[in-house]
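A short write-up of the structure that comes next.
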Amino acid sequence: MSKAAKVVAVLKVDDLTERQARAEHKRLGDEIRHHDTLYHDKDAPEISDADYDRLRQRLKAIEARFPQLVDLLSPTQQVAPAPSTAFAKVRHARPMLSLDNAFTDEELQGFFDRLRRALERETDLKPDAEIALSCEAKIDGLSISLRYKDGEFVQGATRGDGTTGEDVTANLRTIKDIPHKLKGRGVPKAFDVRGEVYMERKAFVALNARQVAAGEKAYVNPRNTAAGSLRQLDPAITAARPLRFFAYAWGEAEPRSWKTHSEYLKLLKEWGFRTNPLTRLCRTPAEVRAFYRKIGEERPSLPYDIDGVVYKVDRIDWQERLGFVSRAPRWAIAHKFPAEQARTRLNGINIQVGRTGALTPVAELEPVNVGGVVVARATLHNADEIERLDVRVGDMVLIQRAGDVIPQVLGYVPEERPKKTEKFHFPAKCPCPLRTPVKAEEGGVVRRCSGGLECPFQQVERLRYFVSRNCFDIEGLGGTHIENFFNDGLLKIPGDIFRLPRRVDEIKKREGWGDLSVRNLVASIEARRTIALDRFINALGIPLIGEATAKILAQEYGDADGWLAEMLAAARERKKHPDDVKKEKAAAEVGPSYGRLCNVEQIGVTTADAMCAFFSEGHNVEIIKDLRKQLTVEPVKRRVIASDAPLKDKIVVFTGELSIMTRDAAKARAEELGAKVTDSVSKKTSLVVVGENAGSKARKAAELGVQTLTEEEWVELSRA
Ligand code: IVH
């Protein structure tokens, strides 16, 4: 508990301000829920019944004085315990790495050559001897790690950043392909089984139809759907989704009895797992290529999506010799298939309005099966792209679906162009009810609706953005719900979202809403009343400020009040000095707040000006004020370095591409361990972590004799 919270916890209810009461109400709710779980689910209460009752009485007293704090989530309103609202983090016993890709035959040959060279050099492999490879279909799902202790399933986690994933054990238990207890002999005592959770194409189509009917956003593809289904807060929802699982790898395995990968796959089956039938041990490159072609031919008729074939050196002692380079093993590669394509008729071109008013043309297609998934719409990006492709309504067009990318139109088939077609003319008026003129952006390809803040289409899109995953991440409030709530006046501005819990009766009366879905919605809204500063900034949808810039701003300004005061000051300064300015002179010529903003890493004058324009708009300021009344925006945690921090006083530089962790996560971890992270290498640098494709900094480190680590070594070290 923070110092302030401790003070509030001892104050009499009658002496609390509303702000304090809100915080204390939340704390008590959390504490009571915690004890409920201990008592009901774990049979292990930590406090006496009398102490528990005191917590509930205090909560009730607060609610009697501040009735506005009562919501459906409050323990006073609960019969059954509320669903858990977030997943706990799980650190993988061994990192979950990814695979290098080969797209062309040359790239594949390169892999074969590298393998042979390394194995001849590092093992007793003779020049003409075979290197057996286990070849397996690459399932397009999401990888997970299942922890077994003495043969018993105890925990399951998503890959996350490779080092830490999310604990989705309860949801994984609902998947029937995942055994709860392993049968047969030789199961390692401590064992992580890794594999792919996926959804079959048929199930995806059926689920998506239901999803859309219920007003939720349609999923893009089966993989996306599987991921969404696994991240449900309510395991009952996951259970209703037909997820499947193939096992293909391991993390920790102590003791390990198998010597080859193919032996391991056999054992997995004996122990009760499903392994993919499209697997073969190939001994020569020719066999490997033939297998790849065969799988490619079967691909369209498979019940699930695959995006390539994975080749793995079969002998594990050789795998160990080959080891890892940065993010991926040297002993394996994913040989990818090209994106799936199809032809269909272009029935029309519609214009979609984005949250900043940008207009995007969308191709309305005769529905067509592209590699197992029906596609009816595809993006045409912008007016220039239509011009370049010269596609016209009525054309037969070629479309492509690749991974979770929105389907794209590649071009038209000239022989099949109908006689009378017309070139597409971008409309001069926005399709929104205001029918405002369309503006072409200066120098850019984008066209915009000129309705600005008044445009209802843009308002809806801004609300959608606000609740999206990298912003407030409010589950159960899909795009169609937002649109319907907006049209009926339940939602106009972001702050209205946090007033929805007080309007549950109205929501319950609406079609498609029941007790459970309303409760889940309230739970996900309440869970976001406390939000990190970077998410808060990102959610405001300020032009040019995305997730990455929001993080940088949060780091720079530290807390919401400080940031807001500075942005308002910068906007005022800029209004008084609207002339062209260079960022180096911004502080002197415009003002201190504007100068500071321009000089924040990755910002500069253009982005600073977009920020000032946003903050000069009274409406935007009102929206923020309204939100601030309902939210707790968490300040960025300032670092306090313990005297025994392992990297205290060390100066660390990261260079090249990292892929097990993101650069931000790696930096944050280094800082947690007490290091100072800088960008340039000098004699003072203690450690350089060298990722892939690193350039001059890695060379300089070598010249200066500064210690370097690979990303794997860094991961190992930082776990210590
Ligand atoms: S092996 C250390 N085998 O592909 C290597 N991965 O692009 C571990 N995948 O994250 C991966 N099918 O999600 C392996 N038969 C298969 C696979 C497979 C699908 C996925 C997995 C991995 C990704 C890498």
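Note that the numbering runs from 1 along the sequence shown for the chain. Numbering of ligands and ligand atoms starts at 1, following listing order.
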Can a non-hydrogen atom of [X] be found less than 4.0 Å from any atom of ligand 1?
{"X": "Pro329", "answer": "yes"}
{"X": "Met96", "answer": "no"}
{"X": "Ala137", "answer": "yes"}

Identify the closest protein heavy atom to [atom]: which residue and atom is it, and at what distance?
{"atom": "atom 7 (O) of ligand 1", "value": "Lys138 CE, 3.3 Å"}
{"atom": "atom 21 (C) of ligand 1", "value": "Tyr248 OH, 3.0 Å"}
{"atom": "atom 8 (C) of ligand 1", "value": "Leu97 O, 4.3 Å"}
{"atom": "atom 3 (N) of ligand 1", "value": "Lys312 NZ, 2.9 Å"}
{"atom": "atom 15 (N) of ligand 1", "value": "Glu136 OE1, 2.8 Å"}
{"atom": "atom 12 (N) of ligand 1", "value": "Ile139 N, 3.1 Å"}
{"atom": "atom 5 (C) of ligand 1", "value": "Leu99 CD2, 3.7 Å"}
{"atom": "atom 13 (O) of ligand 1", "value": "Glu196 OE1, 2.8 Å"}

To the nearest 0.5 Å, atom CH2 of Trp318 lies from atom CD1 of Ile131 at 6.0 Å
Quickly, which of Phe191, Tyr148, Trp250, Phe153 forms a ring pair (Phe, Tyr, Trp, His ring centres under 6.0 Å) with Trp271? Name it, please. Phe191
Step by step, would you call Asp305 with Arg201 a salt bridge (charged side-chain N to carboxylate O under 4.0 Å, His left out)? CA-CA 7 Å; Asp305 277 3; Arg201 290 166 171 171; 2.6 Å; yes
Salt bridge (charged side-chain N to carboxylate O under 4.0 Å, His left out) evaluation trace for Glu297 with Lys294: CA-CA 5 Å; Glu297 281 160 20; Lys294 179 173 165 293; over 6 Å; no
